[in-house]
> 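This is the structure, below, for whatever I ask next.
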Amino acid sequence: MKISDTGDRDRNLSNDPRKARGQIVFVTIFFAALFAVMLTWAVWYSWDKREFLFNEQHNGRDTLQEERVTRGTIYARDGRTILAQTMEEGGRTYRYYPYGREYAHAVGYSVLGGAGVESACKYDLLHTGISVSEQMELDQRLERYPGNNVITTLDPALQDSVVEALDDFGYEKAAVIVTDPGTGEILAMVSRPDFDPNNIEEDWDSFVNADEEDGEDTGILLNRVTQGRYPPGSTFKIVDAIELLQEDANAINSYFFDCEGSWTCDGETVKCYHSERHGEVDLTEAFAASCNSAFSQIGVEEIDRGRMMATLDKLMFNQKLPYDLPCERSYVGLDENTNTESLMQISIGQGTTVMTPLHMNMLTCAIANGGILMKPCLIKSVTDSNDTAIKTTRPEEYGSLVSAGVAANLTTMMQEVCRTGTAYRMKDTPYYVAGKTGSAEFGSSLESSQTYFDSHAWFTAFAWDGDGADSRRICLTIVLEEEGTGSVAVPVARRIFDAYFLN
């Protein structure tokens, strides 16, 4: 019976060729459609992700492109100051950096995997925007196409002022970033120790060998502004104050604390710097004096832990920052199980808390901009070799980090820091300044007869020269490694502000 049934089905199918052809056509159309969808997706993905795929270091497409296109020039924001260009000499093509060390970490280098703008903008620098007819003319002469040019947001005068200030004060380990809080443009970026990108290939082995001999990474190639993670010290009190003011808008008037030089809770004690007694202080006075005792008490008893955790998320801790170039994440280890000792240390920016100077600068910019953070950017535009714009970076709003009211109160408190507090060296400037110092402890060591300071000096601030619509504003963040208290960084900031507003 089974054999007969199978035979009947086979005879029925063979006797109905139209049904067989229909099934074949269906299967053919199905797989053709599936192939078309896959092909379309592959083409779209390749186009949409063309820069990512081009920059993938394992595919070698950039090496092939270098044979067809001369890597474009990198300029400062004025479009005239050359920061990197391709040179030819004796049949050899090489990359030349006119300012050497000054822009080393920001501009980067194009070889050995690349870094900085050279790496981030590799696709643009190795592609051309000239017309097809111009390409044909160059093909006939067997010449390479000129690559597109990148114009950065870096201000040569400000960059010079940062470098000169660090040189004059003799600081060899530092991170400095200067930005426009209204646009997010990075106007200056300096990281030390630095290197000469003109000699990067010759010096590479010596960097690596020195690191191996020392047993640790000396970080010469590390951009400390974006990738250096430091305990923020008392600059973190900005975050404490934000949360307190969000929970109680009147805290700037109603909060009081009697500082006796230390504060103890659950058997754990935090001391003020040198156990200084600040006496009875309100919130602004405690902030200006950088009173550890008051802010430990605020972190443990005045602030709601759950709301603080939500605020830390909103302020971009423990997450990637909205910045297109490589950068590290800041970290705060606060959760429901954090004990009193850890909470006290978090409140004064110590313990396991770490931040990048870029992140601190972004928070400061938001306060300067009425609570609104503009995404930081280092690229102003991309042009072809005929100076025709191909891409233009427009200021982009990331979002509101704090309310306008909280930003206004923080501005008042930060101005007091610069008038009567730890940044009093700013008190007589012909422009307005609001800032916060920080002394970030990391331990101490003694070698031979030389003592190394056991804290990094932080200063983050913004300044403006008037109240009108045409007033200028800039924001800066400074970290001086192993230089002691945050007040040490204030004179460096003043030199930079003076160069911007008074020259």
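What you see is a predicted model, and the numbers here were worked out from it, not measured in a lab. In what follows, every heavy atom counts, from backbone to side chain, and hydrogens, waters and symmetry copies are set aside. The first residue in the sequence is number 1, and the count goes up from there.
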> Do Thr226 side-chain atoms and Cys327 backbone N/O form a donor-acceptor pair below 3.5 Å?
no

> Using the side chain to side chain donor-acceptor pair (under 3.5 Å) rule, collect all pairs that involve residues 402-421, keeping only residues at least two apart or in two chains.
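Found Glu416-Arg419, Glu416-Thr420.
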
> Taking atom types as modelled and ignoring hydrogens, do the side chains of Asp203 and Ser206 form a donor-acceptor contact shorter than 3.5 angstrom?
no

> Return the set of residues passing ring pair (Phe, Tyr, Trp, His ring centres under 6.0 Å) with Tyr97 (not counting sequence neighbours), or none when no residue passes.
none

> We want to know whether Tyr230 and Glu481 form a side-chain donor-acceptor pair, criterion being a heavy-atom distance below 3.5 angstrom.
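Looking only at side-chain atoms, Glu481 and Tyr230 do form a donor-acceptor pair, the distance falling under 3.5 Å.
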
> If the condition is ring pair (Phe, Tyr, Trp, His ring centres under 6.0 Å), which residues does Tyr432 pass it with, not counting sequence neighbours?
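With neighbours one apart ignored, the set is Trp464.
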
> Counting only heavy atoms not in Phe256, do more than 12 sit closer than 6.0 Å to its CZ atom?
yes

> Within the structure provided, determine whether Met414 and Ile238 are in side-chain contact (heavy-atom separation under 4.5 Å).
yes

> Under the rule for side-chain hydrogen bond (donor to acceptor under 3.5 Å, both in side chains), what residues qualify as partners of Thr422, not counting sequence neighbours?
Thr437

> Could I get the full list of side-chain hydrogen bond (donor to acceptor under 3.5 Å, both in side chains) partners for Gln246, not counting sequence neighbours?
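Residues passing side-chain hydrogen bond (donor to acceptor under 3.5 Å, both in side chains) with Gln246: Glu243, Thr311.
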
> If we ignore angles and hydrogens, is there a donor and acceptor under 3.5 Å between the side chains of Asn198 and Asp196?
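Looking only at side-chain atoms, Asp196 and Asn198 do form a donor-acceptor pair, the distance falling under 3.5 Å.
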
> Give the intermediate values and the outcome of side chain to side chain contact (heavy atoms under 4.5 Å, CB included) for residues Glu302 and Phe257.
CA-CA 11 Å; Glu302 302 293 329; Phe257 181 81; over 6 Å; no

> Are Tyr109 and Leu221 close enough, and set up right, to give a side chain to side chain contact (heavy atoms under 4.5 Å, CB included), and what steps lead you there?
CA-CA 10 Å; Tyr109 46 89; Leu221 300 176; 4.1 Å; yes

> Within the 4.5 Å heavy-atom criterion, are Lys436 and Ser234 side-chain neighbours or not?
yes

> Give a yes or no on whether the backbone of Gly306 and the side-chain of Asp304 come within a donor-acceptor separation of less than 3.5 Å.
yes

> Given 3.5 Å as the limit, does a donor-acceptor pair link the side chain of Gln159 with the main chain of Glu102, or not?
yes

> Could you pull out all residues at least two apart from His105 that satisfy ring pair (Phe, Tyr, Trp, His ring centres under 6.0 Å)?
Phe195

> Looking at every non-hydrogen atom in both residues, tell me the closest pair between Arg473 and Asp180 and how far apart they are.
O-OD1, 4.0 Å

> Hey, mind stepping through Tyr323 and Leu378 against side chain to side chain contact (heavy atoms under 4.5 Å, CB included) and telling me if it holds?
CA-CA 9 Å; Tyr323 180 62; Leu378 191 56; 3.8 Å; yes

> Would a 4.5 Å heavy-atom cut-off, applied to side chains only, mark Gln227 and Pro326 as touching?
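The answer is yes; the side chains approach within 4.5 Å.
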
> When you look at Val111 and Arg95, which way does the side chain to side chain contact (heavy atoms under 4.5 Å, CB included) test go after all the steps?
CA-CA 9 Å; Val111 296; Arg95 201 69 168 157; over 6 Å; no

> Of all the heavy-atom pairs spanning Thr73 and Ala84, show the shortest one and how long it is.
CG2-O, 3.2 Å

> So, Asn339 side chain and Ser342 main chain: donor-acceptor pair closer than 3.5 Å or not?
yes

> Report yes or no: does Lys237 contribute a side-chain atom to a donor-acceptor pair with the main-chain N or O of Phe287 at less than 3.5 Å?
no

> Please report the closest heavy-atom contact between Leu166 and Arg192, naming both atoms and the distance.
CB-NH1, 3.5 Å

> What's the separation between atom NZ in Lys391 and atom SG in Cys121, rounded to the nearest 0.5 Å?
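The distance works out to 7.5 Å.
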
> For Gln319, does the CD atom have more than 12 heavy-atom neighbours from other residues, nucleotides or ligands under 6.0 Å away?
yes

> Which residues satisfy the side-chain hydrogen bond (donor to acceptor under 3.5 Å, both in side chains) test with Asn250, sequence neighbours excluded?
Asn253

> If we ignore hydrogens and angles and just use 3.5 Å, is the side chain of Arg472 paired with the main-chain N or O of Asp465 as donor and acceptor?
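No, the answer is negative, given that no donor and acceptor are paired below the 3.5 Å cut-off.
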
> Looking at side-chain heavy atoms only, is the closest gap between Val479 and Arg224 below 4.5 Å?
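Sidechains of Arg224 and Val479: no contact.
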
> Once ring pair (Phe, Tyr, Trp, His ring centres under 6.0 Å) is applied, do any residues pair with Tyr75, and if so which ones, sequence neighbours excluded?
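By the ring pair (Phe, Tyr, Trp, His ring centres under 6.0 Å) rule, Tyr75 matches no residue at all.
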
> Quick check: closest heavy atoms across Ser296 and Ile348, and the distance to 0.1 Å?
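Between these two residues, the closest heavy atoms are OG-CG2, 3.8 Å.
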
> Could you give the distance from CE (Met344) to CD (Gln297), rounded to the nearest 0.5 Å?
10.0 Å

> Looking only at heavy atoms, which two atoms of Met189 and Leu154 are closest? And how far apart?
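For Met189 versus Leu154, the nearest heavy atoms are N-CD2, 4.1 Å.
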
> I need the full list of ring-ring contact (aromatic ring centres under 6.0 Å, His included) pairs touching residues 326-365, with sequence neighbours left out, sorted by first then second residue.
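Residue pairs passing ring-ring contact (aromatic ring centres under 6.0 Å, His included), neighbours aside: Phe317-His359.
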
> Among Phe169, Tyr171, Phe459, find the one that has a side-chain contact (heavy atoms from CB on, under 4.5 Å) with Leu480.
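That would be Tyr171; it is the only one of Phe169, Tyr171, Phe459 passing the side-chain contact (heavy atoms from CB on, under 4.5 Å) with Leu480.
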
> Calculate, to the nearest 0.5 Å, the distance between atoms OG1 and CG belonging to Thr235 and Leu363 respectively.
9.0 Å

> Which pairs with one or both residues in residues 468-496 pass ring-ring contact (aromatic ring centres under 6.0 Å, His included), sequence neighbours excluded?
none

> For residues 484-498, tabulate all N or O donor-acceptor pairs below 3.5 Å that involve a side-chain atom, not counting sequence neighbours.
{"residue": "Thr485", "atom": "OG1", "partner": "Ser487", "partner atom": "OG", "Å": "3.0"}
{"residue": "Arg494", "atom": "NH1", "partner": "Arg425", "partner atom": "O", "Å": "2.8"}
{"residue": "Arg494", "atom": "NH1", "partner": "Asp428", "partner atom": "OD1", "Å": "2.7"}
{"residue": "Arg494", "atom": "NH2", "partner": "Asp428", "partner atom": "OD1", "Å": "3.3"}
{"residue": "Arg495", "atom": "NH2", "partner": "Asp168", "partner atom": "OD2", "Å": "2.6"}
{"residue": "Asp498", "atom": "OD1", "partner": "Tyr431", "partner atom": "OH", "Å": "2.6"}

> Of Ile478, Ile474, Thr477, which meets side-chain contact (heavy atoms from CB on, under 4.5 Å) against Val178?
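Single pass found, and it is Ile474.
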
> Backbone N or O of Gly466 within a donor-acceptor pair of the Ser471 side chain at under 3.5 Å?
yes

> Checking Trp458 side chain against Pro231 main chain: does a donor-acceptor pair fall under 3.5 Å?
yes

> With a 3.5 Å distance limit and no angle check, can you tell me whether Ser347 reaches the backbone of Leu343 through a side-chain donor-acceptor pair?
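Checked: pair present.
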
> Mind checking the NE2-CD spacing from His456 to Glu483? Nearest 0.5 Å is all I need.
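So the NE2 of His456 and the CD of Glu483 are separated by 10.5 Å.
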
> Which pairs with one or both residues in residues 311-321 pass salt bridge (Lys or Arg N to Asp or Glu O under 4.0 Å), sequence neighbours excluded?
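For residues 311-321: none.
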
> How far apart are the closest heavy atoms of Pro98 and Gln85, and which atoms are they?
CG-OE1, 4.4 Å

> Tell me if a side-chain donor or acceptor on Asn318 pairs with a main-chain N or O of Val332 at a distance below 3.5 Å.
yes

> Measure the OG-CZ distance between Ser191 and Arg101 for me, rounded to the nearest 0.5 Å.
12.0 Å

> SG/Cys265 to CD/Glu341 distance, rounded to the nearest 0.5 angstrom?
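The CD atom of Glu341 is 11.5 Å from SG of Cys265, to the nearest 0.5 Å.
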
